[in-house]
Q: 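The structure under discussion is supplied below as structure tokens; questions concerning it will follow.
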Amino acid sequence: MAVRILQTAGPSETESLGAQLAGLLRGGDLVLVCGELGAGKTTLVRGAARALGVRDPVTSPTFTIGNRYRADGLTVSHLDLYRLAGLEQEEPELLEDYVGPGLIAFVEWPEQGSPELAQARLQVTLSHDGGDRRRIEVDGSGSPAAGEPPAR
Ligand code: ADP
Ligand code: MG
């Protein structure tokens, strides 16, 4: 899959798209989720997490940079880097608990050009398109994590 441009007409459609994308993922994969406030990033991650077997409610990380959720045979992590000035000013271990083997990580507000986030499997960019419509661009040109079977 190279770049695909889609449109959704409401939050449940964006969740469904997240669920479809989950089917492409395997342990170790990293998904960058871009777009302005309210574009639907967390909504898409919620749908994906649900499809991967997460039962707990998926909400924006507030007091930490990320949340971790137990899913079927792996861990789903959800990071929001909005409040970070830049990853290079942070401890190198910052992402260790959230990204790597056995984890599928979704990162909102990834900082462009940061080497830790260069290995993304997918990059999804959401934008407002009038009312409840959202334009969603899925760039699937990244490579899957090596050595782990598909999550689903
Ligand atoms: P972000 O994480 O990008 O800030 P959220 O997913 O937290 O965005 O919030 C998106 C808001 O927009 C929610 O209140 C959601 O119900 C609403 N919304 C309306 N239409 C859509 C749509 N098509 N896709 C996703 N969210 C939508
Ligand atoms: Mg969000």
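For ligands, and for the atoms within them, numbers begin at 1 and follow the listed sequence.
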Q: Geometry only, no angles: is Ser60 polar-contacting ligand 1 at N/O separations under 3.5 Å?
A: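 Between Ser60 and ligand 1, no N or O pair is found under 3.5 Å apart.
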Q: Which of these passes side-chain contact (heavy atoms from CB on, under 4.5 Å) with Gln123: Val33, Val107, Leu30, Leu32?
A: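 Checked Val33, Val107, Leu30, Leu32 against Gln123; only one passes side-chain contact (heavy atoms from CB on, under 4.5 Å): Leu32.
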Q: Which ligand 1 atoms are under 4.0 Å away from a heavy-atom of Asp132?
A: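 Heavy-atom distances to Asp132 below 4.0 Å select 19 (C), 20 (N), 21 (C), 22 (C), 23 (N).
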Q: Identify which of Asp80, Thr42, Leu37 has a heavy atom lying nearest to atom 2 (O) of ligand 1.
A: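 The residue whose heavy atom sits nearest atom 2 (O) of ligand 1 is Thr42.
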Q: Tell me the protein heavy atom at minimum distance from atom 16 (O) of ligand 1, and give that distance in Å.
A: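 Checking every protein heavy atom, the shortest distance to atom 16 (O) of ligand 1 gives Pro11 CG, 3.4 Å.
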Q: So does Glu108 have any N/O/S atom less than 2.8 Å away from the Mg ion (ligand 2)?
A: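 Short answer: yes, at least one N, O or S atom is under the cut-off.
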Q: What is the nearest protein non-hydrogen atom to atom 10 (C) of ligand 1, stated with its residue, atom name and distance?
A: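 For atom 10 (C) of ligand 1, the nearest protein heavy atom is Gly38 O, 3.5 Å.
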Q: Which value, rounded to the nearest 0.5 Å, describes the distance between Arg134 atom CZ and Leu6 atom CG?
A: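 Between atom CZ of Arg134 and atom CG of Leu6 there are 14.5 Å.
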Q: Among protein heavy atoms, which lies nearest atom 13 (C) of ligand 1, and at what distance?
A: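 Of the protein heavy atoms, Thr43 OG1, 4.3 Å lies nearest.
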Q: Below the 3.5 angstrom mark, is there an N/O of Ala9, backbone or side chain, next to an N/O of ligand 1?
A: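 No, there is no polar N/O contact under 3.5 Å.
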Q: How close do Arg68 and Ser77 get, heavy atom to heavy atom, and via which atoms?
A: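 That would be CG-CB, 4.2 Å.
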Q: Assess the side chains of Thr14 and Thr8: does a donor N or O sit below 3.5 Å from an acceptor N or O?
A: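 Checked: Thr14/Thr8 side chains pair up, N/O donor to acceptor below 3.5 Å.
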Q: With a cut-off of 2.8 Å, does Thr42 place any N/O/S atom under that distance from the Mg ion (ligand 2)?
A: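 Looking at Thr42, which is the residue asked about, there is an N, O or S atom under 2.8 Å from the Mg ion (ligand 2).
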Q: Please compare Lys41, Arg134, Glu13, His128 and report which has the shortest non-hydrogen distance to atom 22 (C) of ligand 1.
A: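 The residue whose heavy atom sits nearest atom 22 (C) of ligand 1 is Arg134.
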Q: Please list the nearest protein heavy atom to atom 8 (O) of ligand 1 with its residue and the distance rounded to 0.1 Å.
A: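 Heavy-atom neighbour on the protein nearest atom 8 (O) of ligand 1: Gly40 N, 3.1 Å.
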Q: Keeping the roles fixed (side chain from Asp139, backbone from Leu122), state whether a donor-acceptor pair exists under 3.5 Å.
A: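 A pair under 3.5 Å: no.
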Q: Check each atom of ligand 1 against the heavy atoms of Glu36 and keep those under 4.0 Å away; list them by number with element.
A: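 Those of ligand 1 that fall under 4.0 Å from Glu36 are 3 (O).
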Q: Could you measure the distance from the CG atom of Asp72 to the CZ atom of Arg55? Nearest 0.5 Å is fine.
A: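 Between atom CG of Asp72 and atom CZ of Arg55 there are 6.5 Å.
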Q: If only atom types and distance count, is the side chain of Lys41 paired as donor or acceptor with the main-chain N or O of Leu126 below 3.5 Å?
A: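 A pair under 3.5 Å: no.
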Q: Check if Gly35 has a non-hydrogen atom at a distance under 4.0 Å from any atom of ligand 1.
A: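 No; Gly35 lies far enough from ligand 1 that no heavy-atom distance drops under 4.0 Å.
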Q: Without hydrogens or angle criteria, can the side chains of Ser127 and Glu36 be said to hold a donor-acceptor pair below 3.5 Å?
A: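 No.
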Q: For atom 24 (N) of ligand 1, is the nearest protein heavy atom closer than 4.0 Å?
A: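 Yes.
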